[in-house]
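Order of the sequence lines fixes the chain letters, A, B, ..., with proteins taken first and strands second; residue numbering starts at 1 for each chain.
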Number of protein chains: 2
Amino acid sequence: MDSKTVGILGGGQLGRMIVEAAHRLNIKTIILDGENSPAKQINALDEHVNGSFTDPVAIAELAKKCDVLTVEIEHVDADALQALSDKTGIEIYPLPQTIKLIQDKYLQKEHFQEHGIATTESVAVTENTEENLIDVGVKFGYPYMLKSRTLAYDGRGNFVVKDESYIKEALEVLSNRPLYAEKWCPFTKELAVMVVRSIEGEVFSYPTVETIHTNNICHLVYAPARVTDTEAEKASILAKNAVKSFPGCGIFGVEMFLLANGELLINEIAPRPHNSGHYTIDACVTSQFEAHVRAVVGLPMPKNFTSLTTSNTNAIMYNVLGTQEPDGELEFCKRALETPHASVYLYGKTTRKDRKMGHINIVSSSMHDCQLRLNYILGESAEVPSTAEQKSGSELAGTSPKPLIGIIMGSDSDLPVMSVGANILKKFGVPFEVTIVSAHRTPHRMSKYAIEAPKRGLKCIIAGAGGAAHLPGMVAAMTPLPVIGVPVKGSVLDGVDSLHSIVQMPRGIPVATVAINNSTNAALLAVRILGAYEPKWMEEMNNYMSNMEQEVLTKAEKLETVGYEAY
Amino acid sequence: MDSKTVGILGGGQLGRMIVEAAHRLNIKTIILDGENSPAKQINALDEHVNGSFTDPVAIAELAKKCDVLTVEIEHVDADALQALSDKTGIEIYPLPQTIKLIQDKYLQKEHFQEHGIATTESVAVTENTEENLIDVGVKFGYPYMLKSRTLAYDGRGNFVVKDESYIKEALEVLSNRPLYAEKWCPFTKELAVMVVRSIEGEVFSYPTVETIHTNNICHLVYAPARVTDTEAEKASILAKNAVKSFPGCGIFGVEMFLLANGELLINEIAPRPHNSGHYTIDACVTSQFEAHVRAVVGLPMPKNFTSLTTSNTNAIMYNVLGTQEPDGELEFCKRALETPHASVYLYGKTTRKDRKMGHINIVSSSMHDCQLRLNYILGESAEVPSTAEQKSGSELAGTSPKPLIGIIMGSDSDLPVMSVGANILKKFGVPFEVTIVSAHRTPHRMSKYAIEAPKRGLKCIIAGAGGAAHLPGMVAAMTPLPVIGVPVKGSVLDGVDSLHSIVQMPRGIPVATVAINNSTNAALLAVRILGAYEPKWMEEMNNYMSNMEQEVLTKAEKLETVGYEAY
């Protein structure tokens, strides 16, 4: 596709997956790393360079054969790369200066602060003395994080200083490293975003994902993150701004903390494909690896090329780590192969405890369904969820914090009528919310509710009202969602007043009106609306209807058997 | 993952994609083909065999290094493979006997007929004489197909005998080949199904797809096929039955004709990964190549592991053929790279006119959206559909033969009222259908309509009725879909009779009732129901609502300007 030859410093799993993406585009790649490294296994060239990606001589040898160099790891000799670039003019992405800056985690933090990018508060430890660390404790309080500025990854080089008494141990553990300290960050979730930057400086973000670490190593990734749309969007903007602050091109993994107050802080950034982006191989049409290749050789990167494949794509990535027993991790892989919608990626590495041996991607129409499959793979459930995909087209109740149906009423006096419908939704397991919104007494609250409903993921609003009964029609006037109106019977006029107020809407603003006081039917109608698009709810409705039929048939049989008088 | 080494006869693009799938599972593959063939390029082993996959000596050399052999092409020396298997006991999948049978297209047809599997009617041509071909014309009529029994693919070895006068030419073109004749098959569509068979004989089918050939070469594949669910299911069953008729394991591509009467006939079968299955790389979690690898080494193949990734995954595969001008085909690839949701696969082959150089997969939430993207790639539209995915979550009107909304009424006298709603749907571009279904006069037609509606893809039914107005409630009683009732005003009682008949449904069966005679609101409600799940319709509804607001504001401005008397 492109006549540029790409040299890769590092032939581990990231390099291997870059090579795979390059192959698909007929782009030539040459790898610098040890013989038979994972990336070299899948690339039959005899021009590979055997050696270390930190060795300037080996790097120079690689550069001679290539038009552009890139890295799968930031722990390279950035100065050597800069000198090479200065001397030969070879393109190197990420830029050596970016690599150098990111290599030093404290410089990285300073860089973000200078660029107004929210990040955890940090302070340099100029000399590794107890005195200095006590000063940090005074500044930040305890606990705080003591971190190595360089060569730290997967939690190595980090120490939690719980109180002053830990300082001695901290200095022993991290004695011969350049250090900095970070204020303790009480996050509620860790989020990550892959961002790719074109040579023109345009940035494109993959979806915001949620990462779960165990023993400081990435354990699981949920894509998209199980957060509100606003939080996801804020994370995406923060990540893009962070990446925009570096010149040069290529892909970056941006790790963030989400705090309880909704604040987002950048933890750190990696100038290369990232473990949190492996889900993109199956959940996006263009993987993070292809995006990186496109960036460094200058191939097109159109708007939205980094989005999830379909509007209901959900994915979980599970990292396969080496177990105590050699090859013990293959047990998880085998279970993944037994699981439809799971995909195994092994890296051709020799097994070793806690080594990243491979990963498993699970992709399906709902996160709940992905989770069921993961449970089987982890041995936490005995049943292979082979048909879950068919059953569940959507998040199931209980697992989703997001209501699909909103039940509102003008007054709590309507609750006895409306709660019957709420119970129906509960019985069906549909996630819903119930609240009071009065058209006449809280008109602004009503507007807000109506306008925000679609963004919050509601699919349908059930509104109950009596008398002049304006609520359903007014909400319908301010939301594009279907609104179901329940006429509540008042003390006079038998509810016909409410019925006519709700049903006789002018052309242009429909309200789906049900019978007087019949919130049951409103709830059932809401389930049918969900069922039109989500097979699970249609199946539930079919079951409900056959049960109803069966009940009546049973009664009929009884009536026929015992006679109408005895009945 | 598995300690078996797999030898592959043939290192073209199919072999290459098998190797890619095997790499991901750490399964060792060794290739027999010419040096630097596409599959060898991505496999760094030095044990590959250089030579022809039809050469028994080379095959024996390959076999010595492997535990199991497979093929990427059926034009191999099946007898040599059988002898090898007999002599050494090496596993070979597909079985040599299956390869031998399938190699000879006439034996293949005979085999299907013996097994009761619907296929095109054929007759052997024992000797290539004009007399024999005239006899075929008498038997089958004209035109008929004259085909080479062996070594025929991509239309090579086929001749259309339009009438008796073509017989001479046919014999010249196919002179030195063993021939058979096929009855002309006036198909409406060509369908294909990838089926994988486990060593235990269980078969799993990928979705039924639609193939479009140009000059006898696969041009496009639509997945899933744009046919009814019943046709797709019938095709799947026929394909599975066909594959079940062969012992041994591995993947098979089954090509079928769909006739105007809905009949399906098998055209031919390939005992290997197939061009019609390339879409599986992006549209399914497990690709056809991985499925084949799993089959031949005996890795798990769970139920549903061949399904599309999500419930709204749609894909188009486009074959990239070499153009007259060398590398001219890269123009299409470049346009694909400019297209979000398109993925380019190049095979590492030297460019040559009509050679399969690569393919492009387009995957998105709707087929319409895939088609827009394809149009750009083919240069048929100038606009990169970068945001189409956001806009269109569903099939658009006009391109989809499938209605989303059904409008029904009890009598044609309701049409003046109901047609207003139909026009609204038309204006929105929602695919819909209009028909008469009377609860009282055509009760069985009503049942059928209500029951079949969800299967036909309807998302919502609008039912208009007057007087006793039973239609909406009765339809709602027999379908799980949301039903919207329009009370039609009769000559007495002002429509309140219809309103109460429709709205006062018993608990359990909801009808979304709108105002008397207000089919406009019924249509708008239907659009809102679609919009709850399909962003496109929500956007349209939002536009509609702002236009409505704007119109009233304009009128208000006019009224305020000219005064209420002049207005």
Side-chain angles (χ1 to χ4, degrees), chain A residues 1 23-26 40-44 282 285 299-300 302-305 309-313 333 337-338 340-341 343-346 348 363 365 384 386-387 389 393 454 459-460 480-482 503-505 507-508 510 512-515 518 520-521 524-525 528-529 531-533 538 541-542 548, chain B residues 1 23-26 40-44 282 285 299-300 302-305 309-313 333 337-338 340-341 343-346 348 363 365 384 386-387 389 393 454 459-460 480-482 503-505 507-508 510 512-515 518 520-521 524-525 528-529 531-533 538 541-542 548:
Chain A
M1 194 65 227
H23 277 322
R24 289 178 169 188
L25 296 172
N26 278 2
K40 287 187 183 173
Q41 292 168 21
I42 68 162
N43 187 331
D282 286 295
V285 175
L299 283 174
K303 210 176 155 203
N304 292 323
F305 87 120
T309 304
T310 74
S311 55
N312 65 354
T313 297
C333 299
L337 290 176
E338 287 163 6
H341 287 255
S343 205
V344 175
Y345 296 81
L346 291 170
V363 190
S365 304
V384 187
S386 61
T387 54
E389 168 63 16
K459 298 299 185 190
C460 174
L481 287 177
V503 77
Q504 286 297 110
M505 287 293 291
R507 280 177 219 291
T513 311
V514 295
N518 200 332
T520 297
N521 275 5
L524 293 171
L525 181 57
R528 286 180 181 223
I529 288 172
Y533 280 89
M538 186 178 286
M541 180 51 68
N542 274 324
M548 197 159 57
Chain B
M1 194 64 226
H23 276 322
R24 290 178 168 190
L25 297 171
N26 278 1
K40 287 186 182 174
Q41 293 168 20
I42 68 162
N43 188 331
D282 287 294
V285 175
L299 283 174
K303 209 177 155 204
N304 292 324
F305 87 121
T309 303
T310 76
S311 54
N312 65 355
T313 298
C333 300
L337 291 176
E338 288 163 4
H341 287 255
S343 206
V344 175
Y345 296 81
L346 290 171
V363 191
S365 303
V384 187
S386 61
T387 53
E389 167 64 15
K459 298 297 182 192
C460 174
L481 288 177
V503 78
Q504 287 296 111
M505 286 292 291
R507 280 177 218 289
T513 310
V514 294
N518 200 332
T520 297
N521 276 4
L524 293 172
L525 181 59
R528 287 180 181 224
I529 289 172
Y533 279 89
M538 185 177 288
M541 179 51 69
N542 274 324
M548 198 158 56

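Ranked by non-hydrogen atom pairs under 4.5 Å with chain A, the options B:C460, B:G531, B:P454, B:G508 are led by B:G508. Between chain A and the options B:N43, B:L346, B:L525, the largest number of non-hydrogen pairs under 4.5 Å is found for B:L346.
Closest approach of B:P480 to A:R528, counting heavy atoms only: O-CG, 2.9 Å. Nearest approach of B:V285 to A:V363, heavy atoms of both residues: CG2-O, 3.8 Å. For the pair A:L337 and B:L25, the tightest heavy-atom approach, listed with the atom from each and the gap, is CD2-CD2, 4.0 Å. Considering all non-hydrogen atoms of both residues, A:G348 and B:N26 come closest at N-OD1, 2.9 Å.
In this structure, a donor-acceptor pair under 3.5 Å is absent between the side chains of A:T309 and B:D282.
Note that CG of B:L481 is 4.5 Å distant from CE of A:M538, once rounded to the nearest 0.5 Å. Taking CG of A:L524 as the reference point, atom CZ of B:R507 lies at 10.5 Å (rounded to 0.5 Å).
With a 4.5 angstrom heavy-atom cutoff, B:Q41 touches chain A only via backbone atoms. A:K40 touches chain B through its backbone: at least one of N, CA, C or O sits under 4.5 Å from a heavy atom, while the side chain does not.
At distances below 3.5 Å, at least one donor-acceptor pair connects side-chain atoms of B:S365 with backbone N or O atoms of A:S311. Between the side chain of B:N518 and the backbone N or O of A:M505, at least one donor-acceptor pair lies under 3.5 Å. Side chain of B:T513 to backbone of A:T513: a donor-acceptor contact under 3.5 angstrom is found.
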